[in-house]
Structure formats: C-alpha cells, structure tokens
Amino acid sequence: MYNYSEFDAAFVAERNRQFRAQVERRIDGSLTEDEFKPLRLMNGLYLQLHAYMLRVAIPYGTLDSAKMRQLALLAEKWDKGYGHFTTRQNIQYNWPELRDVPDMLDALAEVGMHAIQTSGNTIRNVTADHFAGAAADEIADPRPVAELLRQWSTDHPEFQFLPRKFKIAVTGAPADRAVTMAHDIGLQIVERDGEIGYKVIVGGGLGRTPMIGKVIAEFVSQEDLLPYVEAVVSVWNLLGRRDNKYKSRIKITVHEHGIDDIRARVEERFKVIRPTFSGIDVQLFEEIKAAFAPPAFRDESTAIYETAYKTDPIFRSWADVNLAQHRAPGYAIVQISLKAHGETPGDATAEQMRVMADLAERYGHDELRISHEQNVILPHVHKSDLPAIHAELKKHGLATANIGLISDIIACPGMDYCALATARSIPIAQEIATRFDELKLEHEIGELKIKISGCINACGHHHVGHIGILGLDRAGVENYQITLGGDHTETAAIGDRTGPGFSADEIIPAIERIVEAYLEVRTSAEEPFIKTYRRVGMAPFKAALYEQAEAYAAE
Amino acid sequence: MPREFTPKVVTANALIEGDVVYQTADDRWTRDLSEAELIKDEGLANLRLAQAEGQPELVVGAYLADAAPSEDGPQPTHFREEFRRTGPSNYFHGKQAELTDV
C-alpha cells in the first residue's frame with residue numbers, strides 16, 4: 001500500500017490549516033456563503049437536505065486497518081455512528097457540524113487521508129478494480145497507475161476549474177469491475193508483445209445523458225500515459241461547454257465533435273505536451289509500484305476450509321457467493337456485504353468498521369478495499385482462515401451471503417439525504433431486499449444487479465443495472481422508472497426503458513413481475529438475467545409489467 | 001389572470017449544524033415547522049425571504065417552500081418538504097429525533 005511522503009503530509013496539513021481558517025471566517029461572518037461554498041466544496045464538504053455531508057477520499061478504494069479504524073472514529077465522534085460507502089469507493093458522513101469539520105480533516109490526515117478533490121469541477125478520486133492485486137484474471141495491478149494519476153491530478157493548476165467534474169477509473173483485468181466504460185476516462189491495462197500498456201476510453205458517463213465510452217487509443221505505453229491523459233483533459237478543458245452544465249461533461253464534447261476529431265486534437269496536444277515530461281513520472285511510477293508489492297502469501301493446508309465447506313451449509317452458502325478467485329494458491333478474495341436485508345446499502349457502523357479492520361489486520365495482510373458496489377473486500381485471505389472470518393462477520397451482521405444477487409443493490413442516498421434527489425432510493429432498495437429474502441428466491445434467481453438512483457444524475461448507476469430504477473417526482477409524487485438490460489462490465493450497455501413508471505407502492509410488485517418473467521423464460525438456472533434479456537429482448541418483461549398491471553387493475 | 005399565490009414558509013439550513021430551520025413570525029429560526037410563519041401574501045413572502053437572506057451568520061440557502069395551514073400550524077405540501085421536516089426514512093435521525101431551536 002502506498003503511504004504518504006513527507007511532501008504529501010505537509011501538503012495536506014497546509015490545506016487543512018487553510019480550511020480551518022476559512023471555516024472560522026465563515027462562522028465569524030468575514031466570508032459570505034457565496035465566497036465560502038467553493039472553498040468548502042474543494043474540501044469535500046457539501047450542504048445536503050438535513051445537514052452537511054463530508055465526502056472522504058479513499059483512493060482506488062484501498063485502505064488499511066488504521067485508516068478504517070480512523071473512519072470509525074470519525075463516525076462515532078463527529079457523526080451518528082455510521083458512514084456510507086459510495087460508488088466512487090469513498091465514504092460519506094451525513095451529519096457533521098460545520099465547526100467540527102476541520103478537526104475531522106486533521107484526524108484523517110493523521111492516517112494519510114483527506115477530502116481533497118472529492119467535490120468540485122476537478123479530477124475526482126481515481127477509482128480502480130476492487131480486486132486489484134489479488135484477482136486471478138489480472139494482467140497488472142491497476143493501483144500504481146491510479147496512484148500516479150492521483151499524485152499528478154491533485155492540485156494540478158490547469159485542472160482545478162474544469163468545465164465540470166472529471167472521473168477516471170482503471171482496471172487491470174479483462175473483466176471490468178471498475179465500470180471503466182462509464183467514466184470520463186477509462187483505462188484498461190492491456191499487454192501487447194509482452195509490453196504492458198493502456199487502452200484509453202473516453203466520453204463514458206451516466207447522468208441525464210448516459211453514454212458508453214469510446215476507444216480513443218488502443219495502446220498507450222507507460223511512458224506516454226500521463227502526457228496522453230493530460231492531453232485528453234487539456235483538450236476537453238478548452239472545448240468543454242461552460243455555457244450549460246448539462247452539456248459540460250466530456251461525453252458531450254466527444255459526442256458533439258466525434259471521437260475522430262477529439263482523437264486528432266488529443267494527438268496534436270500530446271505532441272506539444274510530451275516533451276515537457278522529463279521521465280520523472282516514469283521513475284516515480286517504478287517507486288510507486290514497489291509500494292504495491294504483493295504480501296508474502298502463506299503456503300499451507302486448506303483442510304479447515306474444506307471441512308467447513310462440507311459440513312456447514314451456512315458457511316457454504318456464504319462461500320459460494322461472497323468469495324472470489326485469488327491469484328495465489330490457497331487464497332481467496334472475501335467480499336463483505338454491506339447489504340444485509342432491510343438495511344441501507346453501503347452503510348457500516350463504527351463497530352462494523354472496527355470488526356473489518358480487525359479481520360484485515362489478523363487475517364488479511366492489513367488490506368481492505370471498498371468496491372464501487374458499496375461493499376468491503378478483504379483481498380488476501382488464506383482459505384484456512386475463512387471459517388473464523390465468517391463466524392466473526394456473522395456476529396456483527398456482516399455475513400449476508402448475497403454478493404451479486406438481487407439484494408446486493410447499489411442505491412444512492414436519494415431524497416433521504418441528497419439535496420439534488422427527486423425521490424427516495426434507500427427505502428426501495430430495503431423493500432426489494434426484504435421482499436426477496438422473504439420469498440427465499442434470491443439464490444434461485446442467481447446473478448442479478450439492481451441499481452437505484454433517486455434522480456437523473458444517476459449516482460446509483462441505474463443505467464447500467466440489469467434492472468435499473470430511477471426515482472423521479474411526478475406531480476408531487478415519487479415515481480419510479482424501470483430500465484432493463486444495462487451492464488457495467490466489459491460488455492457495457494445502457495438499459496432500455498420499459499415504459500411508464502410506477503408509484504412507490506407499485507414498484508416492488510413490478511420488480512417481482514420482472515423476476516417471475518425471467519424465471520419463466522430463462523433456459524436454465526445457468527442463464528443469468530442479463531443473458532436472458534439479451535436473448536429474448538424486452539417483450540416478455542414489458543408484458544409482465546404492463547399487461548399484468550392492467551389485468552390487476554381490471555379485477 | 002395572475003397566478004394564485006400559494007402559502008409559503010421561509011426555510012433554510014442552520015449555518016453550524018446544517019439542520020433544516022424555519023422562520024417564525026417573531027423573527028426566530030425554529031426547527032419545528034408547526035412554529036413557522038405561514039405567509040399568504042406574495043409581497044410579504046419576498047420581503048421575509050430577503051430578511052432571511054440578510055442573516056448569513058445564522059442560516060444558509062434560504063428559500064420559500066409551499067405549505068398549507070392546519071390546526072397544528074403549517075404543513076408540507078410536497079414530499080421533499082415532508083422529509084426535510086422529519087429526517088431520513090431509514091434511521092430515526094435528524095429532527096424526528098431531536099428538536100431544539102437555533
């Protein structure tokens with residue numbers, strides 16, 4: 001894991017000192033809210049529906065137990081005892097008071113964390129595959145390049161006042177677990193003739209105009225990557241629309257100019273920028289890579305795991321769903337679900353955070369990850385430790401065996417917290433999870449990704465959900481539109497809208513009818529929802545949704 | 001024909017805590033919507049909003065929200081204002097759990 005250098009620590013300390021003074025000046029009236037707002041946003045502090053919200057960066061979702069324990073401390077000391085993990089692999093606190101935020105930032109700095117560039121029209125926290133460094137299918141660990149990008153983008157003078165926010169995601173494996181196709185820039189590590197490089201995708205994004213990114217370069221070498229990315233952001237910084245915030249993201253620029261025109265402009269800009277990169281970045285990258293060296297894996301028997309798997313059906317059910325294949329023999333990747341049925345997706349209490357920190361320290365080489373699907377990962381666990389981990393997770397409400405299943409729902413905070421939301425997301429997620437738990441159907445249904453957003457900004461990634469739900473305000477009533485067939489992986493797709501939306505009372509039965517239709521038309525349990533949808537299309541689902549609804553109404 | 005003015009309350013967030021607050025007729029800020037001043041005149045509403053905006057040391061983001069009269073004082077007419085009045089629906093947090101004046 002990368003640890004802050006003295007330069008990093010001094011930089012963050014100075015930023016915190018500045019912000020403390022800015023907060024004091026706001027409170028004593030020397031700064032107006034108009035003057036203060038951009039300053040607080042530069043430090044991750046929003047004002048939401050009921051309170052301030054502090055968004056803390058977890059770069060590429062990687063943290064250790066000391067950082068996780070500090071996040072627990074913040075939750076307990078300055079919030080209401082919990083934190084909310086987000087689709088950007090960050091954590092948000094929903095209830096801080098303005099006067100406490102400088103102390104919170106200082107506490108974060110003690111463990112090498114901050115909230116810089118988690119808001120504002122700048123390059124946001126760089127995200128990455130949550131299995132980075134552990135996945136069996138990985139070409140190379142994406143975190144060193146994510147860290148290089150973090151260092152390059154933090155306080156980059158040219159990129160502090162971009163047309164809009166800018167999001168970069170990196171994956172090191174062919175299986176895309178980082179949603180790279182729906183980011184402003186998606187980087188996919190590829191190998192060509194034995195050389196590691198990057199496929200660069202630009203112009204993806206969700207929100208009111210969802211778009212899948214386009215390949216701008218099939219292969220960019222390590223030496224050229226930073227100047228190439230800088231050229232992309234630089235071209236957009238010049239071309240991007242500043243007259244209309246809804247048309248300001250790079251996806252619109254790419255759409256309006258065409259990928260070939262953008263590519264030509266980027267290459268022209270790249271020629272200018274490239275000579276200004278002296279090679280220090282490549283040297284730095286090698287040093288960063290060393291900080292992400294894999295831990296010393298143990299070579300010992302997995303008999304304890306095999307026995308538990310054979311004899312304990314609850315453990316087996318959890319292991320079947322929540323474990324992923326690790327690159328090292330005898331090891332597994334543990335996915336801890338923050339989606340207990342009926343709970344708020346992505347929330348963890350301070351106690352739960354400490355439990356996960358303890359487990360990481362004791363069994364997981366002191367490493368944790370936050371997934372964009374709002375779960376927590378122990379990336380390196382020897383299989384012989386899995387029964388003990390599972391037992392501990394069970395005690396603390398963290399052993400829900402539902403990763404990738406219908407109740408493993410991404411949900412944005414929605415109108416329960418967010419000032420921009422037009423409807424609630426969380427209660428819908430809670431009700432769906434509870435309903436399918438009652439029906440005891442979710443393991444039978446198999447892989448099915450439901451994603452819910454409470455407004456068109458699509459923080460809940462509903463466009464790329466197998467079933468997407470978008471909450472809207474229709475004449476003063478919460479209404480939910482459904483999309484089907486979205487996909488966030490390497491076969492990314494934007495979902496198709498089914499038709500008219502449903503009220504809050506109607507949406508859970510509507511989801512049930514979609515699932516029933518799927519169970520009827522799938523060829524076997526081996527054909528997941530998304531494959532079935534691609535085979536049969538919208539018709540049977542639409543019929544189930546609307547014809548049955550009409551039939552019920554006529555009864 | 002001029003649009004009919006619907007009754008309003010002046011609402012904002014408290015500067016320090018961020019809590020949802022409402023302006024009262026006697027120029028206090030309260031966290032309890034039932035104590036808010038229900039304004040039925042458009043000119044007065046704009047004046048009261050301007051007065052609220054002149055108190056940046058106390059509140060942030062003042063605006064006029066639709067409300068309806070009731071025996072228990074002003075009531076929200078839109079679900080967003082209902083959530084602001086109570087707090088989130090997933091936890092017993094926010095004003096549903098604690099109600100004190102600014």
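Quick note on labels: first sequence line is chain A, next is B, and so on, each numbered from 1.
When side chains are defined from C-beta on, B/Y91 does not count as touching A/D416, because their heavy atoms never get closer than 4.5 Å. Taking 4.5 Å as the limit, every side-chain heavy atom of B/P56 sits out of range of all side-chain heavy atoms of A/F36.
Ranked by non-hydrogen atom pairs under 4.5 Å with chain B, the options A/E33, A/E478, A/E343 are led by A/E478. Heavy-atom pairs under 4.5 Å with chain B peak, among A/A423, A/G414, A/A419, A/P413, at A/A419. Put simply, of B/V60, B/N13, B/L15, the one with the most heavy-atom pairs under 4.5 Å next to chain A is B/L15.
Interatomic distance, CZ of B/R31 versus NE2 of A/H50, reported as 13.5 Å (0.5 Å rounding). Going from atom OH of A/Y417 over to atom CZ of B/F83 covers 12.0 Å, rounded to the nearest 0.5 Å. Put simply, CG on A/D100 and CD1 on B/I16 are 9.5 Å apart, with the number rounded to the nearest 0.5 Å.
B/Y63 OH: more than 12 foreign heavy atoms inside a 6.0 Å radius. By the 6.0 Å contact criterion, NZ on A/K37 is open, its count of non-hydrogen atoms from other residues, nucleotides or ligands being 12 or less.
For A/L49, the parts sitting under 4.5 Å from any heavy atom of chain B are the backbone and the side chain alike. A/I27 touches chain B through backbone and side chain together, each having a heavy atom under 4.5 Å away. There is no contact between A/V23 and chain B, counting heavy-atom distances below 4.5 Å.
A/T344 approaches B/N90 most closely through the heavy-atom pair OG1-ND2, 2.8 Å. Nearest heavy-atom pair, B/S89 versus A/R424, reported as atom, atom and distance to 0.1 Å: OG-NH1, 3.2 Å.
Here B/H93 and A/Y82 bring their ring centres to under 6.0 angstrom of each other.
At a heavy-atom separation below 4.5 angstrom, chain A is approached by B/H78, B/F79, B/R80 within residues 70-80 of chain B.
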A/R99 vs B/E17, side-chain contact (heavy atoms from CB on, under 4.5 Å): CA-CA, chis, key distance, verdict: CA-CA 8 Å; A/R99 63 182 148 226; B/E17 298 86 359; 3.8 Å; yes
